[in-house]
Amino acid sequence: MDLQLSGRVAVVTGASKGIGLAVTRTLLEEGANVVAASRKSSPELDALASPKLVHVSADFMDPEAPAQVVEKAVEAFGALDILVNNAGGPPPGVSLPRGSFLHATDEEWRAMFEFNLFSAVRAIRAAIPHLLERGGGSIVNISSGNARQPSPINVDYGAAKAGLSNLTKVLSGEFGPQGIRVNTVSPGVVRTPWWTEEGGVADKIASQAGTDRDSVLDEVVPKMLNLTTGRFVEAQEVADAVVLLASPRSGSTTGAEFVVDGGLLKEL
Ligand SMILES: NC(=O)c1ccc[n+]([C@@H]2O[C@H](COP(=O)([O-])OP(=O)(O)OC[C@H]3O[C@@H](n4cnc5c(N)ncnc54)[C@H](OP(=O)(O)O)[C@@H]3O)[C@@H](O)[C@H]2O)c1
């Protein structure tokens, strides 16, 4: 299937690792131009170097950063067609999972909303005039299964992601008539550095459960969460859903949520 992405211009946030890296790689494979934003690049992102890829160093805790990244895309490639709001997860200084609602301070709640909701609000606000100039475009927001299935160990994270999913729906209604589609992809547990790196979530669960990182990833978590597929989602599987939504081939899909979670959510 030709996704008709050749020559289109995309911004991907949180693009140096995990899901954002897989989205960036897939968009490039489909012929798009990509502005990839993160605080630092990574060897994996550097390996994708091409005239179609620009890395922008940006800290999405800084309220000015999202608009600067959007402007950089227009400066580098002359337009904007696609925005993937992927940066999210625990912000600097916050560690997940928590034990209880009582463990999250005001400051941590604020940081969580800055990173997972307000940075996307700011990026969308900056992107919309450019998308309108092109006669439309696609925005894909990366939410989480926790938006619909809240958990006391990720209480502020789930609330921020629920806000992002809600925002997606309202924007799809306001800007759909002008050609801008806005959709959500909600991953379940995805095998990314957030889980796998030294000191990441898998290590934290391993020390609580008295086991090792690989057992957590391969057995403990899939069993604990009753994943239908019996395994973590791969970042590429999320990226494939994102890139399909970014494509004009999804022209009638807006305000939708694509769940890529290995059967984590059990309800309709
Ligand atoms: N992995 C999962 O199980 C899972 C499940 C549900 C939803 N999600 C969502 O999927 C998205 C991506 O998660 P992931 O697992 O791929 O994360 P990841 O592997 O931890 O990668 C995070 C990316 O975001 C960048 N980043 C971190 N802090 C940043 C900041 N302050 N400003 C700008 N960029 C920043 C990182 O690069 P730098 O550190 O260089 O900035 C990196 O490129 C998040 O929105 C997350 O909530 C993930």
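Atom set for the values below is all heavy atoms of this structure, side chains included, hydrogens, waters and symmetry mates excluded. Nothing here was measured: the structure is a model prediction, and the numbers come from that model. Numbers here simply count residues along the sequence, with the first being 1.
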Go through the steps to decide whether Val182 and Ile180 satisfy the test side-chain contact (heavy atoms from CB on, under 4.5 Å), and finish with yes or no. CA-CA 7 Å; Val182 194; Ile180 301 177; 4.1 Å; yes

Side chain to side chain donor-acceptor pair (under 3.5 Å) contacts in which one or both residues fall within residues 173-185, not counting sequence neighbours: Thr168-Thr184

Could you state whether Val243 and Leu80 fall into the same hydrophobic cluster, counting links through intermediate Ile, Leu, Val, Met, Phe, Trp or Tyr residues with side-chain heavy atoms under 4.5 angstrom apart? no

side-chain contact (heavy atoms from CB on, under 4.5 Å) filter on Val260, not counting sequence neighbours, yields Val185, Val233, Glu237, Val238, Ala241

Say you draw a straight line from CZ of Arg8 to OG of Ser247; how long is it, rounded to the nearest 0.5 Å? 8.0 Å

Gly145 to Leu265 - nearest heavy-atom pair and separation: O-CD2, 4.0 Å

With side chains defined as the heavy atoms from C-beta onward, is the minimum distance between Ile142 and Val242 less than 4.5 Å? yes

Is it possible for you to say whether Val11 and Leu3 belong to one hydrophobic cluster, with membership spreading through side-chain heavy-atom contacts below 4.5 Å? no

Does one hydrophobic cluster hold both Val140 and Val121, with members joined at side-chain heavy-atom distances below 4.5 Å? no

Asn141 (side chain) donor-acceptor with Ser143 (main chain) under 3.5 angstrom: no

With the side chain counted from C-beta on, respond yes when Asn154 and Ser144 share a heavy-atom pair under 4.5 Å apart, and no when they do not. no

Is the closest basic N to carboxylate O distance between Arg231 and Glu219 below 4.0 Å? no

Charged N-O contact under 4.0 Å between Asp59 and Arg39: no

Contact check, side chains of Asp156 and Arg98, non-hydrogen atoms, under 4.5 Å: yes

Mark yes or no for whether Asn116, through its side chain, and Ala160, through its backbone, hold a donor-acceptor pair below 3.5 Å. no

Identify the two heavy atoms, one from Leu164 and one from Ala120, that lie closest to each other, and give their separation to 0.1 Å. CD1-CB, 3.7 Å

For Gly230 and Pro222, which heavy atoms make the closest approach, and how far apart are they? O-CB, 3.5 Å

Can you check whether His103 reaches Ile153 side chain to side chain, under 4.5 Å on heavy atoms? no

Before accepting this row, confirm whether a basic side-chain N of the pair Glu198/Arg213 lies closer than 4.0 Å to the acidic partner's carboxylate O. yes

Pro97 vs Val201 side-chain heavy atoms within contact, under 4.5 Å: yes

Around Lys72, counting heavy atoms of other residues, nucleotides and ligands shown, do more than 12 lie under 6.0 Å from its NZ? no

When rounded to the nearest 0.5 angstrom, what is the spacing between OG in Ser151 and CG in Asn146? 5.5 Å

Full working for side chain to side chain donor-acceptor pair (under 3.5 Å) between His55 and Ser16: CA-CA 9 Å; His55 175 255; Ser16 64; over 6 Å; no

Quick one: does any side-chain atom of Ser42 pair with a main-chain N or O of Leu45 as donor and acceptor, under 3.5 Å? yes

Would you call Phe115 and Val94 a side-chain contact if the rule is heavy atoms closer than 4.5 Å? no

For residues 124-133, which side-chain N or O atoms pair as donor and acceptor with protein atoms under 3.5 Å away, sequence neighbours left out?
residue : atom : partner : partner atom : Å
His130  : NE2  : Glu71   : OE2          : 3.0

Would you kindly confirm whether Leu83 and Val34 end up in one hydrophobic cluster when ILVMFWY residues are joined by side chain heavy atoms under 4.5 Å apart? no

Among residues two or more places apart or on two chains, list those pairs meeting side chain to side chain donor-acceptor pair (under 3.5 Å) that have a residue in residues 254-268. Arg148-Glu257, Ser186-Glu257, Thr228-Lys266

Would a single hydrophobic cluster contain both Val9 and Ile82, if residues Ile, Leu, Val, Met, Phe, Trp and Tyr are joined by side-chain heavy-atom contacts under 4.5 Å? no

Counting only N and O atoms by type, is there a donor-acceptor contact under 3.5 Å from the side chain of Ser165 to the main-chain atoms of Lys161? yes

Table please: side-chain donor-acceptor pairs of residues 19-32 below 3.5 Å, with sequence neighbours left out.
residue : atom : partner : partner atom : Å
Thr24   : OG1  : Gly20   : O            : 2.8
Thr26   : OG1  : Ala22   : O            : 2.6
Thr26   : OG1  : Gln236  : NE2          : 2.9

Return yes if a side-chain donor-acceptor contact under 3.5 Å exists between Ser215 and Asp212, otherwise no. yes

Report the C-alpha distance between Ser41 and Asp46 in whole Å, list the side-chain angles of each, state the deciding distance to 0.1 Å, and finish with yes or no for side chain to side chain donor-acceptor pair (under 3.5 Å). CA-CA 7 Å; Ser41 189; Asp46 291 345; 2.6 Å; yes

Assess the residue pair Val84 and Thr13 against the criterion (side-chain contact (heavy atoms from CB on, under 4.5 Å)); give the C-alpha distance rounded to whole Å, side-chain angles, the decisive distance to 0.1 Å, and a yes or no. CA-CA 6 Å; Val84 180; Thr13 70; over 6 Å; no

Contact between Ser100 and Pro152 at the side-chain level, heavy atoms closer than 4.5 Å - yes or no? no

Heavy-atom nearest pair, Ser38 first then Ala15, reads CB-N, 4.1 Å

Only one of Lys17, Arg191, Lys204 forms a salt bridge (charged side-chain N to carboxylate O under 4.0 Å, His left out) with Glu197, so which one is it? Lys17

With a 4.5 Å limit on heavy-atom distance, are the side chains of Asp106 and Glu108 in contact? no

Given Val189 and Leu264, is the side-chain contact (heavy atoms from CB on, under 4.5 Å) satisfied, shown in steps? CA-CA 8 Å; Val189 285; Leu264 171 69; 5.6 Å; no

Residue pairs fulfilling ring-ring contact (aromatic ring centres under 6.0 Å, His included) with at least one residue in residues 172-199, sequence neighbours excluded: Tyr157-Trp194, Trp195-Phe232

